[in-house]
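Taking it in order: structure first as structure tokens, then the write-up.
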Amino acid sequence: MKLYNTLSGKLETFHSSNDVVKMYVCGVTPYSQSHVGHVLRAVVFDVLRRYLEFKGFLVKHVENFTDIDDKMIQRAESTGVSTNKLADDNINIYLSEIKEMNILPAHVYPRATQEIPKIIEMIEGLIGKGFAYCIEGNVYFRVRKDEDYGKLGRRSLDTMIAGSRVEIDENKEDVMDFALWKCEKPGEPSWDSPWGYGRPGWHIECSAMALSHLGFPIDIHGGGQDLVFPHHENEIAQSESYVGSEPMSRYWLHNGLVRLGSGKMSKSDGNLVTVKDALQNHSADELRLFFLSAHYRSPLSYTEEGVSTQTRAVERLRNAVRSTSPGGSSYTVQIGDFKKRFISAMDDDLNTPRALAVLFELSRHINKGIENGYNVVQIQDTLQGLCNVLGLTLAEPIFNREPEFFPLINLLVDTNAELRSRGREDLSGNMYEQLRVSGISIEEILGVGGQAPKSLDGFSSSDADKIITILVELRDIIRSEGLYELSDSIRERFGDLGFILEDSSTGTKWKRS
RNA sequence: GGCGACGUAGCCAAGUGGUUUAAGGCGGGGGUCUGCAAAACCUCUAUUCGGCGGUUCGAAUCCGCCCGUCGCCUCCA
């Protein structure tokens, strides 16, 4: 497998250094809700992890939360909560969104504030070796001492300083020196240290967490492209200077950034769509397919329309996997060839667009096989398996009780009235008998005969399924008797409720849209 | 100002010297099936890869220039 290593600027063949692939991915600063860019990053590294595991590697995945920094402090102050509470709340939201996106949870989620001893230990070590110095309670990293500083971003100190917008701090020896430890300011959270009360600077927490949870060196260090400089550059400088060897990470992987409108999606600029809003309008599979339809290193423009077009594509895969296969002889397709093509695409720096093309071709073969009466179970299993490697669930959309249930009952009642007005008490009676057998009482639900309407709490998705199935079967009878006007109107009303009815010679199938 | 990325059909997006007179998805046209619709299948939808030059037997793919979009150099996934 080849991966693009930012450090070398080339595709490199990936080898694990030992039994377990040690992967550290830079997570979020939990001062507010996450946006689509964060979840894209999470999906990219989720796919990397799933694919490594598919290839037989064991992966230890660590993802951090930087739960103390300027933004955390500002936001906590302005909302009147502690930085801890702020972090807890946003972390909980993030983790539930990760789950909804079918992203495998990291094995460890360390938090900066819980790694203070390790951070202090590292800073002391850096001072001891002359890589850092303390001035008035602040500790800075001495970039001039680190001769290969700038190697990740491929830039030199001098070109960076020329024409740059680095803030001038008279205390620092060099404008490019960055803070390892920041002196306490009144009212801010702080920890005791050899340099007085204060808090860690940005960057050092990741070095400390990677070192304590994964050791040195690690195999893969990941994050968004906007972290290359200065965050990852500084991590390298600190970690390699502290340990006294290199590399800190054998591979550095960076995903492309999400664009919204004319610029990149960004939390601090407020140019964003939250994960919450995205998941309100789109399913996890739709979002994931949208992300994976472009290469992970290219920028991706987020538009509602762009994600929405994935609805049909997801459905295509879902239909192929879920359609009932005829029994009998197997459809002859070289499954091995498709798997090979999938693997060769993924081996090529996770070329998910090419991998997806293979999945869509498999889908077409499944449908063709079914149409010709062949057994396609094996191909379906292959497709489902490869979808799993990409983290696509192909799950049916979830039943939403409140908006669906009463309209469904209304449809049932109206259909009943229609039948009776046509003098088909036989069919209406038949329907009620079916409902009774299924343990569903319309009278109870509607509260007929002076009873209070029954609460919906007792009804589940499977009750809704029963009612739908009974109605669909009834409609089949209506259809077979040529009452097309009525059957079409029932299908239309199902459509309004978000259900698709597909008629065929072997009966009617229904599904949620 | 410095460094870097990108520009492929109506839209999204692979392909980076010859089995590609350019995958796949969405959209659209035509057809098959069907009472109709949907799904599905078949078929068509870029003689051409931002523009202009050059290298080569041969370029979307390499080189040069130009135009355009974006990222980093400052907090950022």
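Throughout, protein chains are lettered first and strands after them, A, B, ... in sequence-line order, and every chain is numbered starting at 1.
Rounded to whole Å, the C1' atom of B:rA60 lies 14 Å from the corresponding atom of B:rG18. Distance check on atom P: B:rC75 versus B:rC70 gives 23 Å, rounded to whole Å. Here the separation of B:rC63 from B:rC6, taken at their P atoms, is 11 Å to the nearest Å. When the P atom is used for both B:rU19 and B:rU8, the distance is 23 Å, rounded to whole Å. B:rA23 and B:rA14: their P atoms are spaced 15 Å apart (whole Å). Using C1' as the reference atom, B:rG25 and B:rG51 are 29 Å apart when rounded to the nearest Å. Taking the C1' atom of each, B:rA22 and B:rA46 are spaced 8 Å apart, rounded to whole Å. For B:rG15 and B:rC49, the C1' atoms lie 11 Å apart once the distance is rounded to whole Å.
Residue contacts shown for A:S298 are limited to sugar-phosphate atoms, with no base heavy atom under 4.0 Å away. If you check every strand for non-hydrogen atoms under 4.0 Å, A:G263 touches sugar and phosphate atoms only. Contact annotation for A:H35: base contact, defined as any heavy-atom pair under 4.0 Å involving a base atom. Among the heavy atoms of the strands lying under 4.0 Å from A:G27 are primed sugar atoms or P, OP1, OP2 only; no base atom is included. Looking at heavy-atom distances under 4.0 Å, A:G306 makes no contact with the nucleic acid at all.
To the nearest angstrom, C1' of B:rG15 lies 15 Å from CG of A:D349. Atom CZ of A:R297 is separated from atom C1' of B:rC70 by 16 Å (rounded to the nearest Å). Counting to the nearest Å, the C1' atom of B:rU74 and the CD atom of A:Q225 are 18 Å from each other. Taking atom CZ on A:F291 and atom P on B:rA77, their separation rounds to 15 Å, with Å as the unit. The distance from atom CZ of A:F342 to atom P of B:rA14 is 16 Å, rounded to the nearest whole Å. The distance between atom CG of A:L152 and atom C1' of B:rC3, rounded to the nearest whole Å, is 13 Å. Between A:I379 atom CD1 and B:rC41 atom C1' there is a gap of 15 Å when expressed in whole angstrom units. Rounding to whole angstrom units, CZ of residue A:R475 and P of B:rA37 are separated by 13 Å.
Using a 4.5 Å heavy-atom cutoff, the side chains of A:N255 and A:F45 are in contact. Side-chain atoms of A:M346 and A:M1, non-hydrogen and from C-beta on, never get closer than 4.5 Å to each other.
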Next on the checklist: Pair A:K185, A:D70 - check salt bridge (charged side-chain N to carboxylate O under 4.0 Å, His left out), show working.
Outcome noted: CA-CA 11 Å; A:K185 287 182 192 155; A:D70 293 352; 5.9 Å; no
Checklist entry - Would A:N64 and A:E115 count as a side chain to side chain contact (heavy atoms under 4.5 Å, CB included) if you check the C-alpha gap in whole Å, the side-chain angles of each, and the deciding distance to 0.1 Å? => result CA-CA 11 Å; A:N64 70 285; A:E115 308 280 333; over 6 Å; no
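For RNA chain B, the residues of residues 476-486 of chain A within the heavy-atom distance limit of 4.0 Å (strictly under) are A:R479, A:Y484, sorted by number.
Across all their heavy atoms, A:R250 and A:N5 have their closest contact at O-ND2, 2.9 Å. The minimum heavy-atom distance between A:L253 and A:L48, with the atom names listed, is CD2-CD2, 3.6 Å. Considering all non-hydrogen atoms of both residues, A:Q384 and A:T393 come closest at NE2-O, 4.0 Å.
Results of the side-chain contact (heavy atoms from CB on, under 4.5 Å) test with A:Y94 over A:D89, A:V28, A:V275, A:V39 single out A:V28 as the only residue that passes. Screening A:M209, A:H213, A:H61 against A:Y24 for a side-chain contact (heavy atoms from CB on, under 4.5 Å) leaves a single residue, A:M209.
Pair assignment for B:rA46 gives none, since no Watson-Crick or G-U wobble pairing has each distance under 3.5 Å. With a cut-off of 3.5 Å on both pairing distances, the Watson-Crick or G-U wobble partner of B:rG7 is B:rC67. Base pairing analysis places B:rC62 opposite B:rG54; the two distances defining the Watson-Crick or G-U wobble pair are each below 3.5 Å. Base pairing annotation: B:rC72 forms a Watson-Crick or G-U wobble pair with B:rG2, both donor-acceptor distances under 3.5 Å. Base pairing of B:rU21: no nucleotide in any strand meets the Watson-Crick or G-U wobble criterion (both distances under 3.5 Å). As the counterpart of B:rA38, no nucleotide is assigned, since no Watson-Crick or G-U wobble pattern has both distances under 3.5 Å.
Judged by distance alone with a 3.5 Å cut-off, a donor-acceptor contact links the side chain of A:D488 to the base of B:rG35. Residue side chain A:K71 reaches the base of B:rC75 through a donor-acceptor N/O pair under 3.5 Å, judged by distance alone. Side-chain atoms of A:D69 stay outside donor-acceptor range of the base of B:rC75, with no qualifying N/O pair under 3.5 Å.
A sub-4.0 Å separation between OP1 or OP2 of B:rC72 and a side-chain N or O of A:K264 is present. In this model, the phosphate group of B:rA39 is not approached by any side-chain N or O of A:N319 to a distance below 4.0 Å at OP1 or OP2. Residue A:N351 has a polar side-chain atom (N or O) positioned under 4.0 Å from OP1 or OP2 of B:rG15.
Comparing A:E371 and A:A294 along RNA chain B, the residue whose closest nucleotide (by nearest heavy atom) sits nearer the 5' end is A:A294. Residue-to-nucleotide proximity on RNA chain B shows that, of A:L501 and A:H231, the 5′-proximal contact is made by A:L501.
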Item to check | Summary of protein contacts for nucleotides 23-31 of chain B, nucleotide by nucleotide, where a base hit scores B, a sugar-phosphate-only hit scores S (4.0 Å, heavy atoms) | outcome: BSSSS----
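Checked against B:rC73, B:rC36, B:rA14, the side chain of A:R491 finds its nearest nucleotide in B:rC36. The A:R155 side chain lies nearest to B:rG2 when the options are B:rC75, B:rC70, B:rG2. For A:L40, counting side-chain heavy atoms from C-beta on, the closest listed nucleotide (B:rA40, B:rC72, B:rA77) is B:rA77. Distances were taken from every side-chain heavy atom of A:D226 (C-beta onward) to each of B:rA77, B:rA14, B:rG35; the shortest belongs to B:rA77. The side chain of A:I500 has B:rA38 as its nearest neighbour among B:rU69, B:rA38, B:rC75. Of the candidates B:rA77, B:rC42, B:rC73, B:rC42 carries the atom nearest the A:K368 side chain, counting heavy atoms from C-beta on. Among the nucleotides B:rA77, B:rG2, B:rG35, the one closest to any side-chain atom of A:V258 is B:rA77. For A:N255, the side-chain atoms get nearest to B:rA77 when compared with the rest of B:rA77, B:rC70, B:rC73.
With a 6.0 Å radius and a threshold of 12 heavy atoms from other residues, nucleotides or ligands, A:K151 has its NZ atom above the threshold.
Checking A:H365 against A:E361 by side-chain atom types alone, no donor-acceptor pair falls below 3.5 Å.
Between A:K145 and A:D177, none of the side-chain N atoms (NZ, or NE/NH1/NH2) sits under 4.0 Å from a carboxylate O, so this pair counts as no salt bridge.
Side chain of A:R322 to backbone of A:L394: a donor-acceptor contact under 3.5 angstrom is found.
Between A:Y374 and A:Y331, the angle of the ring planes lies from 30° to 60°, which puts this pair in the tilted group.
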